[in-house]
2 protein chains.
Amino acid sequence: MATIGDVAREAGVSRSTVSSVLTGRKYVSPETRAKVDAAVAKLQFSVNAGARALATSRTMALGVVVGFHEAEFSPALAAYLIALSDAAREQGYSVVLLTEPDGVEAVRRAISGRQVDGLILLNVVDDDPRLEPINQARYPAVLLGMPQDTRGVDAVDLDFAAGASMLVDHLADAGHREALFVEWPEELYASGSTYANRFASAARERAERRGLRLVPVAVPVGPEQVRASLRAVLQDPENPRALLIHNDAAVAMLPFALHDLGLEVPADRSVVSLHAAELARLYVLSFTSVESEPVAVCQAAVEMLAKRIASPESPAQKRLVVPHLEAKGSVATVA
Amino acid sequence: MATIGDVAREAGVSRSTVSSVLTGRKYVSPETRAKVDAAVAKLQFSVNAGARALATSRTMALGVVVGFHEAEFSPALAAYLIALSDAAREQGYSVVLLTEPDGVEAVRRAISGRQVDGLILLNVVDDDPRLEPINQARYPAVLLGMPQDTRGVDAVDLDFAAGASMLVDHLADAGHREALFVEWPEELYASGSTYANRFASAARERAERRGLRLVPVAVPVGPEQVRASLRAVLQDPENPRALLIHNDAAVAMLPFALHDLGLEVPADRSVVSLHAAELARLYVLSFTSVESEPVAVCQAAVEMLAKRIASPESPAQKRLVVPHLEAKGSVATVA
DNA sequence: TCGGTCCAGTGTACCGGTTCGCTAGAGGTC
DNA sequence: GACCTCTAGCGAACCGGTACACTGGACCGA
């Protein structure tokens with residue numbers, strides 16, 4: 001492995017000149033730069049990340065904290081990890097995975113080990129205990145997820161409220177006056193997961209404004225139960241013929257429930273939904289929908305984190321990524 | 001951030017003594033060690049990973065190469081990433097994600113950047129171009145997946161042949177004399193994915209030995225087509241009533257195809273299958289099956305890599321992780 | 001011709017650890 | 001008491017970069 005000294009010798013210049021060429025922080029004449037570049041290429045030199053980190057006290061690495069492993073069960077996780085890594089690379093950062101089951105401990109160790117320049121926390125919930133050490137150390141970090149109290153830490157999330165409004169508008173624009181609102185199980189709303197609540201209240205508010213009557217539907221847990229409960233709801237002739245869905249399990253099972261009853265979309269039922277992008281791929285869904293935007297969200301997160309690292313004292317930011325509605329013809333126009 | 005010098009001053013000893021305590025490489029008297037430990041605790045000291053890496057020329061980090069992003073579409077990927085990170089942490093390593101779309105370039109940069117001590121390659125196929133730079137640099141690496149020619153690189157994979165034998169035995173033990181063998185699409189067998197071939201030939205061989213007649217079934221691509229094709233196969237009264245499945249899409253769709261036809265398992269059909277562990281969770285499958293073992297495979301991979309880093313010259317290893325069969329009562333006993 | 005500017009490039013200290021040769025002193029032996 | 005041995009801890013060099021004060025020479029104006 002060639003070092004910067006080898007390159008300097010090969011190019012006939014000093015180590016500091018080579019360094020200037022490498023970092024680009026100081027002017028070097030084109031001729032000298034060419035000599036250095038040639039030497040670098042000849043020796044296949046590439047800077048030692050650890051040495052540079054030591055000298056600059058910047059590791060150019062970001063830590064991604066995958067909390068509690070609850071995320072392990074989410075098929076969407078991989079998409080986020082890859083999107084984060086891609087976005088980081090674009091900004092010159094690499095990504096280190098922090099999967100300690102105890103998220104707080106993971107954060108503590110990351111901060112004190114100076115192995116990374118900043119942290120990205122996945123699956124953030126309200127009153128997330130991982131915020132404590134970050135807040136205390138005033139450590140650069142970005143949350144993926146938007147707790148009510150971000151405790152002075154930057155945060156990014158999908159704009160669930162905007163998504164809800166889009167979907168309600170889409171139904172209302174098509175002439176619907178009422179719709180079933182298939183929500184998450186009760187527990188989720190109670191357990192400090194804010195996105196469910198943000199979606200629900202925005203949906204209700206917009207629906208009221210647009211004169212769309214929402215009929216809430218509670219759905220149980222477990223695919224078979226979800227399917228049965230959807231069947232029951234779809235069968236009831238009293239129920240509206242439009243469905244607004246914010247519940248991944250219900251979205252995944254809906255095609256089967258519809259199939260069970262011989263119902264067609266959009267002829268018999270209109271469907272709009274907000275769900276994880278990954279879900280659409282796995283279950284090959286074709287409903288007009290708003291999907292989560294892992295790439296955009298992750299890019300925003302990495303961008304914010306890079307800025308935060310550059311200026312640690314600037315005020316905390318919150319950013320909501322507005323999703324887009326993809327029309328797939330699952331909504332019938334009503335007179 | 002406290003440095004080793006701060007700790008030394010606080011404890012009233014020299015930096016090298018603190019280092020001896022930290023690394024444990026040299027005897028230090030209990031009293032002195034206690035003083036150092038106290039100082040470390042008081043100052044919340046923790047070693048600077050970069051500085052240590054520079055001094056030891058060991059980064060204690062492993063790179064995980066997620067190739068081509070084809071993996072992005074696999075819901076199983078996250079399970080592997082987390083299992084790798086967990087296993088690495090147990091051995092004192094951290095994990096860096098390398099997601100460059102061009103896998104060869106990712107490998108090259110990882111090797112020359114000395115940012116990691118070794119590489120783990122995911123989704124390895126036959127004639128994987130990423131093997132070239134590794135082989136050339138004689139760089140420590142482990143493949144997840146077992147190409148025919150590992151080119152002198154260590155490799156780990158699930159023992160698909162053993163899994164196939166277990167499943168065939170399970171059917172034969174229950175008295176079945178014939179079974180449908182639902183395979184992957186043609187293309188996969190042709191495209192240098194060795195696991196499909198390893199499973200298939202082991203299944204055929206074992207079936208012959210056990211006197212089980214296998215009726216191969218080609219399944220198309222796409223969930224709806226898979227479902228339809230399964231329905232057709234299940235409906236044909238000529239076909240065997242037992243199914244041996246090695247095709248994730250078919251496994252996922254089978255419950256729906258069975259439901260379509262009003263068939264019950266194991267009363268009407270016996271089913272055994274080998275599939276990704278993640279699949280069973282997502283689709284709530286309940287077939288007697290052999291599942292992929294992400295945790296065991298990843299642990300084996302990290303172990304092998306750690307050994308390889310420690311002794312770069314020892315001969316290359318291949319290791320197959322034997323999966324276990326989980327009986328879930330989906331096989332009927334035949335007279 | 002002399003002093004002042006500017007510029008490209010150099011020398012050196014430093015980042016925070018590890019390693020290894022060295023030494024002071026305790027203890028043992030004759 | 002002189003000599004040897006052993007041991008715990010010390011000091012300095014080193015890992016591979018970066019950064020900054022500095023220098024020698026070219027150029028310019030008076």
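Quick note on labels: first sequence line is chain A, next is B, and so on, each numbered from 1. Just so it is clear, the structure is predicted and the values come from calculations on it, not from any experiment.
The nearest whole Å value for the distance from the CD1 atom in A/Ile4 to the P atom in C/dT10 is 12 Å. For the pair B/Arg114 CZ and D/dC15 P, the computed distance is 13 Å after rounding to whole Å. At whole-Å resolution of the value, CD in A/Gln115 and P in C/dG16 are 17 Å apart. A straight line from NZ of A/Lys26 to C1' of D/dC22 spans 10 Å, rounded to a whole angstrom. B/Met1 has its CE atom 11 Å from the P atom of C/dG16, to the nearest Å.
An OP1 or OP2 oxygen of C/dT10 is reached within less than 4.0 angstrom by a side-chain nitrogen or oxygen of A/Thr17. In this structure, B/Ser19 reaches the C/dT18 phosphate: one of its side-chain N or O atoms is under 4.0 Å from OP1 or OP2.
Within the nucleic acid shown, B/Ser20 has no heavy atom closer than 4.0 Å to any nucleic acid atom. Residue-level contact check: B/Val18 touches neither bases nor backbone, having no heavy atom under 4.0 Å from any strand.
Residues A/Val13 and A/Val18 are in side-chain contact: their nearest non-hydrogen atoms beyond the backbone lie under 4.5 Å apart. Here the side chains of B/Val7 and B/Leu22 are not in contact, with every heavy-atom distance at 4.5 Å or above. Using a 4.5 Å heavy-atom threshold, the side chains of A/Val95 and A/Leu81 count as separate. Residues B/Val66 and A/Ile82 meet the side-chain proximity criterion, which asks for heavy atoms closer than 4.5 Å.
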Report all side-chain donor-acceptor pairs from residues 293-305 of chain B shorter than 3.5 Å, counting only partners two or more places apart or in another chain.
{"from": "B/Glu293", "atom 1": "OE2", "to": "B/His324", "atom 2": "N", "distance (Å)": "3.4"}
{"from": "B/Glu293", "atom 1": "OE2", "to": "B/His324", "atom 2": "ND1", "distance (Å)": "2.9"}

Can you give the donor-acceptor pairs under 3.5 Å from side chains of residues 135-144 of chain A to other protein atoms, not counting sequence neighbours?
{"from": "A/Asn135", "atom 1": "ND2", "to": "A/Arg151", "atom 2": "O", "distance (Å)": "2.7"}
{"from": "A/Arg138", "atom 1": "NH1", "to": "A/Glu313", "atom 2": "OE1", "distance (Å)": "3.2"}
{"from": "A/Tyr139", "atom 1": "OH", "to": "A/Val116", "atom 2": "O", "distance (Å)": "2.6"}

Contact list (N/O, under 3.5 angstrom) for nucleotides 5-7 of chain D vs protein:
none

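Of the residues in residues 5-16 of chain B, those lying under 4.0 Å from DNA chain D by heavy-atom distance are B/Val13, B/Ser14, B/Arg15, B/Ser16. Contacts between residues 55-62 of chain B and DNA chain C, defined by a heavy-atom separation below 4.0 Å, involve B/Ala55, B/Thr56, listed by number.
The list of salt bridge (charged side-chain N to carboxylate O under 4.0 Å, His left out) pairs with a residue in residues 10-37 of chain A, not counting sequence neighbours, reads A/Glu10-A/Lys42.
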